[in-house]
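Please read the structure below before turning to the comments.
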Protein chains: 2
Amino acid sequence: MDVRALETLRAVRSQGGVTAAAAVLHLTPSAVSQQLAALARDAGVPLTERVGRGLRLTAAGDALADAAVDVAVALERARAACAAWAGSPTGSVRVSAFQSAARLLLPVLLTRVAAIGGIAVECADEDVAQDAFAALTDRHDVVVAHRPAEGDPGWGEGVVAVPLLREPLDVAVPVSSALAGRAALEPGDLAGVDWIAVKEGFPVARVLADVAARSGATPRVVQRINDFHVVEALVAAGHGVALLPRYSSGGHPGVRLVPLTGVRAGRQVDALVRPDVAQRRVVAVVLEELAAVADGIRRAPAPTGTPG
Amino acid sequence: MDVRALETLRAVRSQGGVTAAAAVLHLTPSAVSQQLAALARDAGVPLTERVGRGLRLTAAGDALADAAVDVAVALERARAACAAWAGSPTGSVRVSAFQSAARLLLPVLLTRVAAIGGIAVECADEDVAQDAFAALTDRHDVVVAHRPAEGDPGWGEGVVAVPLLREPLDVAVPVSSALAGRAALEPGDLAGVDWIAVKEGFPVARVLADVAARSGATPRVVQRINDFHVVEALVAAGHGVALLPRYSSGGHPGVRLVPLTGVRAGRQVDALVRPDVAQRRVVAVVLEELAAVADGIRRAPAPTGTPG
DNA sequence: ACGTCCATGCAGTGACGCTACAACGACGGT
DNA sequence: ACCGTCGTTGTAGCGTCACTGCATGGACGT
């Protein structure tokens with residue numbers, strides 16, 4: 001029973017198909033398919049079943065994929081056992097973050113990690129739909145993701161989440177608006193306004209629905225934009241208001257962030273890691289530094305809009 | 001990092017050398033040496049160091065070997081995960097036992113396992129020195145071993161022991177002897193007698209020393225014989241007395257087993273299994289049956305000397 | 001009904017590990 | 001102190017196995 005085949009099975013499950021799994025494993029779909037066939041022959045039971053033009057893991061395949069992560073964890077622990085004698089942690093860690101978190105966290109993270117020495121952090125920015133974050137852990141060691149602060153984490157099964165930051169969602173209004181003068185806003189104050197929301201299915205889209213529900217009506221969404229800079233530009237131009245995270249936005253001079261009261265609105269920022277890569281000493285160090293960076297922001301928020 | 005190399009490292013540690021490890025792995029010493037070299041190169045630290053004309057694992061190698069068993073356990077658990085869907089446990093299990101336990105346990109074990117169906121038990125008899133039993137688990141799935149009942153188990157690190165039977169040690173005396181009429185014997189009664197003991201370093205050799213210490217003198221050992229049938233023949237011929245386990249001996253008409261009081265003398269029979277093979281469903285079944293057989297003997301001892 | 005996408009089978013090729021053989025080093029007996 | 005022996009380590013040759021590339025079959029959407 002080959003560990004590479006087990007890893008492949010796990011990738012097929014998390015990626016949802018042979019082709020996608022082949023991509024993250026840097027293989028051809030043919031190789032993946034052959035590995036699955038060999039594994040099923042070795043196991044004695046079918047591990048996958050065709051569904052439509054794709055495939056799905058059977059119950060046995062699912063159980064084996066679960067066991068595969070345990071194998072990967074044990075293997076990584078073995079590597080860590082040698083690394084403990086090999087000296088201080090060294091290597092490269094691939095970190096991915098969605099745009100606003102990348103802007104907020106990565107600069108400080110890179111500085112801190114550089115101070116340690118010997119660790120190379122390869123950054124990337126990826127913002128995907130809520131349920132696609134877990135799959136990113138196949139391509140990156142650490143994935144900074146976000147979700148509505150209320151409710152359970154809801155990341156997939158085979159992924160560990162390290163909480164980084166709880167960020168309140170404020171209401172972004174044009175400075176020229178009457179609402180800009182208020183110290184705080186309640187859901188009732190926002191009935192009938194035009195909203196600029198994020199794309200369907202993306203993180204914190206659900207929060208707007210919750211807030212609007214308190215105001216009694218469904219929100220009138222006039223635009224769906226994911227990039228906060230674009231959102232701020234639209235808000236400043238008077239095209240609507242938006243829910244924006246306090247620490248990651250507010251840089252635009254024509255926009256004012258007004259706290260929202262009467263309803264718990266926030267987003268939770270987590271670092272997602274696969275349990276096996278979490279065993280790597282370097283990854284653990286980078287995770288610690290990332291948590292420290294987030295902690296520093298929580299203590300002394302430095303909105304990008306505040307000069308100096 | 002190859003799991004086969006990890007398994008090889010573990011075998012080198014338990015067997016104490018490259019050549020011996022190669023034998024149990026069905027490889028040439030050259031292949032083992034190459035695997036160790038590749039593993040050390042991959043780990044970045046030396047895993048072995050020359051000592052005399054053999055070699056020994058370094059601290060890093062020892063830690064990696066420990067991690068290797070975790071990997072093996074995880075892998076075996078993965079196999080078990082499929083086997084759960086594949087149907088009832090099937091396969092072959094290699095069982096080894098020292099002679100007297102083999103005679104006592106294996107016939108019933110084979111009958112019981114045959115009744116289940118689908119499981120092939122490959123038996124072997126191996127009796128080795130006390131500290132060599134653990135290494136046998138590299139060649140057999142289940143190793144039935146024995147040790148003095150008092151004191152801690154003392155089997156190696158990477159092996160799990162399932163207790164099977166605690167067997168009292170009686171004093172085997174010739175039926176013609178004056179001692180044969182006694183209902184019980186105390187250490188003091190045995191001062192000055194000739195002893196027939198087992199070979200140096202073999203199980204329960206220590207017990208005789210303990211008993212003799214109670215009688216105040218060092219025992220006079222006139223013969224060292226491991227096979228109980230030979231021992232009984234010598235005892236019957238009046239060449240000395242011996243400590244023999246109650247359930248596994250006493251078949252000779254010229255020998256009487258007299259209970260020993262005033263001192264706790266017994267041997268403990270354990271089943272030894274490597275933690276990874278313990279994950280195999282078939283092995284677990286055979287272990288259960290083995291424990292049941294031993295339990296049956298404990299409830300209704302059937303000394304081989306009792307006819308019918 | 002056609003095009004597209006996805007998974008799968010098959011032949012070719014490249015790399016990797018094992019066997020066989022030779023050499024070096026170390027221990028123990030004489 | 002020497003030499004025989006045992007055990008480990010290097011090197012060449014070979015076999016095996018897994019991956020790439022291409023062709024096929026099936027399923028969904030237009």
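A note on names: the letters A, B, ... follow the listed sequences, proteins ahead of strands, and every chain is numbered from 1.
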With a 3.5 Å cut-off and no angle check, do the side chains of A:Glu122 and A:Ser92 form a donor-acceptor pair? yes
I want to confirm an ordering. Mapping B:Gly52 and A:Gly17 to their closest nucleotides on DNA chain C, which one lands closer to the 5' end? A:Gly17
Rounded to whole Å, please give me the gap between CG in B:Leu36 and P in D:dG7. 16 Å
Over 12 non-hydrogen atoms of neighbours within 6.0 angstrom of CZ in B:Arg41: no
Between C:dC18 and B:Gln35, is there an OP1 or OP2 to side-chain N/O distance shorter than 4.0 Å? yes
Please report, rounded to the nearest Å, how far the P atom of C:dA7 is from the CD atom of A:Gln15. 12 Å
Side-chain contact check for B:Arg53: nearest option of C:dT8, D:dC19, D:dC6 is D:dC6
A:Arg4 or B:Thr48, whichever maps to the more 5' nucleotide of DNA chain D: B:Thr48
Does A:Arg13 come within less than 4.0 Å of A:Asp62, counting only side-chain N to carboxylate O? yes
Which nucleotide sits closest to the side chain of B:Pro29: C:dT19, D:dT9, C:dA7? D:dT9
Using whole Å, report how far CD of A:Gln34 lies from P of D:dA18. 9 Å
D:dG7 OP1/OP2 closer than 4.0 Å to side-chain N/O of B:Arg50: no
Would you indicate which nucleotide in C:dC18, D:dC19, D:dT20 comes nearest to any side-chain atom of A:Thr28? D:dT20
Measure CD/B:Glu49 against P/C:dA26 and give the value in whole Å, please. 15 Å
Looking only at the side chain of A:Ser33 (C-beta and beyond, no hydrogens), which of the listed nucleotides C:dT19, C:dC6, C:dT8 gets closest? C:dT8
What's the closest nucleotide to the A:Leu55 side chain, out of C:dA7, C:dC6, C:dC10? C:dA7
Between the side chains of A:Gln15 and A:Asp138, is a donor N or O closer than 3.5 angstrom to an acceptor N or O? yes
Separation of A:Leu47 atom CG from C:dT8 atom P, in whole Å? 11 Å
Nearest to the side chain of B:Val18 - C:dT19, D:dT9, C:dA7? D:dT9
Atom CG of B:Asp2 to atom P of D:dC17: distance rounded to whole Å? 15 Å
Atom CG of A:Leu25 and atom C1' of D:dA18 are separated, to the nearest Å, by 14 Å
Parallel, tilted or perpendicular, as decided by the 30° and 60° cut-offs, for the rings of B:Phe133 and B:His146: perpendicular
Nearest-nucleotide check on DNA chain D, A:Val51 vs A:His26; residue mapping nearer the 5' end is A:His26
Among D:dC22, C:dT19, C:dT4, the nucleotide that comes nearest once only the side chain of B:Ser30 is considered: C:dT19
Could you give the CG-to-P distance, from A:Asp42 to D:dA18, as a whole number of Å? 11 Å
